[in-house]
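Written out below as structure tokens is the structure these notes cover.
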There are 2 protein chains.
Amino acid sequence: MAISENPLSQQLFESFMRVRKLNWLNWHGAGPRPSDVRALFCIKKDSAVDGTGITVTALSNQLRVSTPTVTQLMNDLELQGLVERSTDATDRRVIRVRLTEEGDRAFKRAQSAVADAFNGLIDYLGPDQTAELAGLLGKVLAYYHDHQVLPTGGRKL
Amino acid sequence: MAISENPLSQQLFESFMRVRKLNWLNWHGAGPRPSDVRALFCIKKDSAVDGTGITVTALSNQLRVSTPTVTQLMNDLELQGLVERSTDATDRRVIRVRLTEEGDRAFKRAQSAVADAFNGLIDYLGPDQTAELAGLLGKVLAYYHDHQVLPTGGRKL
DNA sequence: CTCATATAATTAGGTTGCCTAACAAAAACA
DNA sequence: TGTTTTTGTTAGGCAACCTAATTATATGAG
């Protein structure tokens, strides 16, 4: 473990690269994809505060992906019948996205899948270490949010 | 923060999804890609124990990607002049991969890039929290290593 | 010693999850 | 009114993986 041979930075890099590749949802080709699930969560969360539906721009900001990416995600979810688009009543440029009833069911299944994926880990770590982990991940994200290690492409937010 | 509204599992999922997308090496289209860098590290590390070069299968195991993926990575690195392939002396099926001199220079640059990317975070967290983070990531990986959340495709190792 | 089987790597083709650039439509402003 | 800005979409591309099939070589069973 001599620092010169395998520095801490390199270990962290390797750990993050491995964590990145974990297939949390145990997804194997059927139903909504992991990125769909993330979008579903976001749309559902918004629906609690604004029943008219979330905008593409808001989704783009919250998911931290470009608007064309959101369009593709929504095309996909719409094709699966999980969301519906409608043009905003007062600004005809913006489109509002809401969950359909089937989308809501898919959301609940996704929530279960995520719970299944993480509750084992949470039990394994125990409440203290789980809280530490969540806190540290938050700090990592906060640090890089302020220090320019942006997603590929270097969006300026 | 009511558990029923945004369960811990969902928060962890979201955090991991965001961490996954960080562009650690600040890569913007020039030089070896992040996955190349990971391979470079692996090849270099092996060269310390075995001067004849690492095999494709060994790289596949250590990087946790399929052998065709390793082949593609190696094609790429060879094209960039960073590695060289040679058939093994005693088993003509296996090919041995070593860093070229330019590959070694690229390795050193990559090491610096990783250090640049992580030393800021390490300073920000301080030694105690950095150690905690490294330890927790290790536990997460160990847990999922034993609990079947394998990389996409569900390889059986 | 030969033939079937196992192993190493490659080729071919596909998928996910992103991106930028260019655009059309609508709103805001000057 | 006309220019500028904002919103979302279309088009096309790329990174980083995968599986299935193939080739070449080695190994083991009779």
Side-chain angles (χ1 to χ4, degrees), chain A residues 17-18 20-25 27-39 53-61 63-78 80 83 85-97 150-157, chain B residues 16-18 20-25 27-39 53-61 63-80 83 85-97 150-157:
Chain A
M17 292 299 270
R18 281 196 191 176
R20 202 184 65 151
K21 290 202 287 188
L22 290 175
N23 179 216
W24 304 103
L25 303 184
W27 186 72
H28 48 281
R33 290 168 290 209
S35 66
D36 290 342
V37 166
R38 215 159 80 91
I54 191 168
T55 69
V56 169
T57 301
L59 270 170
S60 166
N61 291 332
L63 297 174
R64 307 192 186 240
V65 296
S66 65
T67 53
T69 298
V70 173
T71 295
Q72 283 174 222
L73 278 171
M74 293 309 106
N75 286 344
D76 217 77
L77 291 173
E78 202 174 39
Q80 294 177 62
V83 303
R85 280 190 251 226
S86 56
T87 59
D88 186 273
T90 62
D91 184 341
R92 277 186 296 179
R93 287 171 307 179
V94 343
I95 77 111
R96 299 270 170 187
V97 180
L150 299 168
T152 315
R155 295 181 318 114
K156 287 177 216 92
L157 291 175
Chain B
F16 279 120
M17 291 299 269
R18 282 194 190 179
R20 202 183 66 149
K21 288 201 288 186
L22 290 175
N23 179 217
W24 303 103
L25 304 185
W27 186 71
H28 47 282
R33 290 165 289 209
S35 65
D36 291 341
V37 166
R38 215 160 80 91
I54 190 168
T55 68
V56 169
T57 301
L59 270 170
S60 166
N61 290 332
L63 296 175
R64 305 190 187 244
V65 297
S66 66
T67 53
T69 298
V70 173
T71 295
Q72 283 173 223
L73 277 171
M74 293 309 105
N75 286 344
D76 217 77
L77 290 173
E78 203 174 40
L79 213 76
Q80 294 176 63
V83 304
R85 280 189 251 227
S86 56
T87 59
D88 185 272
T90 61
D91 185 340
R92 276 184 298 181
R93 287 171 306 179
V94 345
I95 78 112
R96 299 269 170 186
V97 180
L150 299 168
T152 317
R155 295 182 319 115
K156 289 176 216 91
L157 292 176

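Proteins get letters first, then strands, A, B, ... in listed order; numbering begins at 1 in each.
- Within the 3.5 Å criterion, the main-chain N or O of Val65(B) finds a donor-acceptor partner in the side chain of Ser60(B).
- Nearest to the side-chain atoms of Gln72(B) among the listed nucleotides dC17(D), dA16(D), dA9(C) stands dC17(D).
- Using a 4.0 Å cut-off, some side-chain N or O of Ser66(A) falls inside it from OP1 or OP2 of dC19(C).
- Taking every side-chain heavy atom of Asn75(B) into account, dT11(C) is the closest of dA8(C), dT11(C), dT10(D).
- Looking at heavy-atom distances under 4.0 Å, Thr69(A) makes contact with a base.
- Atom CG in Asp91(B) sits about 17 Å away from atom P in dA6(C), given to the nearest Å.
- Scanning for salt bridge (Lys or Arg N to Asp or Glu O under 4.0 Å) contacts around Arg92(B) gives an empty result, with sequence neighbours left out.
- The nucleotide whose nearest atom lies closest to any side-chain atom of Thr57(B) is, among dT7(D), dA21(C), dA8(C), dA8(C).
- One finds no side-chain N or O of Arg92(A) lying less than 4.0 angstrom from the OP1 or OP2 phosphate oxygen of dA25(C).
- Taking only side-chain atoms of Val65(B), from C-beta outward, the nucleotide of dC18(D), dT10(D), dT10(C) with the closest atom is dC18(D).
- Within the 3.5 Å criterion, the main-chain N or O of Leu73(A) finds no donor-acceptor partner in the side chain of Asp76(A).
- Across the protein-nucleic acid pair, Leu22(A) atom CG and dG17(C) atom C1' stand 17 Å apart, rounded to whole Å.
- Per the geometry, CG belonging to Leu73(B) stands 14 Å off P belonging to dA9(C), to the nearest Å.
- Here the closest heavy-atom approach between residue Thr71(B) and residue Arg85(B) is recorded as O-NH1, 4.1 Å.
- What separates CG of Leu25(A) from P of dT16(C) is a distance of 14 Å, to the nearest Å.
- Which of dT9(D), dT7(D), dG17(C) sits closest to the side chain of Val94(A) comes down to dT7(D).
- Toward the 5′ end of DNA chain C lies the nearest nucleotide of Ala58(B), the other residue of the pair Ala58(B) and Pro68(A) mapping further downstream.
- For Arg64(B) against Lys21(A), the heavy-atom pair with the smallest separation is O-NZ, 3.6 Å.
- Close to dC18(C), at under 4.0 Å from its OP1 or OP2, lies a side-chain N or O of Lys21(B).
- Between Trp27(B) atom CH2 and dC18(C) atom C1' there is a gap of 12 Å when expressed in whole angstrom units.
- The separation between Ile95(A) atom CD1 and dA24(C) atom C1' is 15 Å, rounded to whole Å.
- Using a 4.0 Å heavy-atom cutoff across all strands shown, Arg38(A) reaches no nucleic acid atom at all.
- Residue contacts shown for Arg96(B) are absent, as no nucleic acid heavy atom lies under 4.0 Å away.
- Phosphate contact (OP1/OP2 of dT9(D), side-chain N/O of Arg85(A), threshold under 4.0 Å): present.
- The distance from atom CG of Asn23(B) to atom P of dG17(C) is 18 Å, rounded to the nearest whole Å.
- Checked against salt bridge (Lys or Arg N to Asp or Glu O under 4.0 Å), Arg38(B) has the following partners two or more places apart in sequence or in another chain: Glu14(A).
- One N or O donor and one acceptor, one from the side chain of Arg93(A) and one from the base of dT6(D), sit under 3.5 Å apart.
- For Ser35(B) and dA15(D), the shortest distance from a side-chain N or O to OP1 or OP2 is not below 4.0 Å.
- Among the heavy atoms of the strands lying under 4.0 Å from Thr67(A) is at least one base atom, whether or not backbone atoms are also near.
- Gln80(A) places its CD atom 13 Å from the C1' atom of dT16(C), with the value rounded to the nearest Å.
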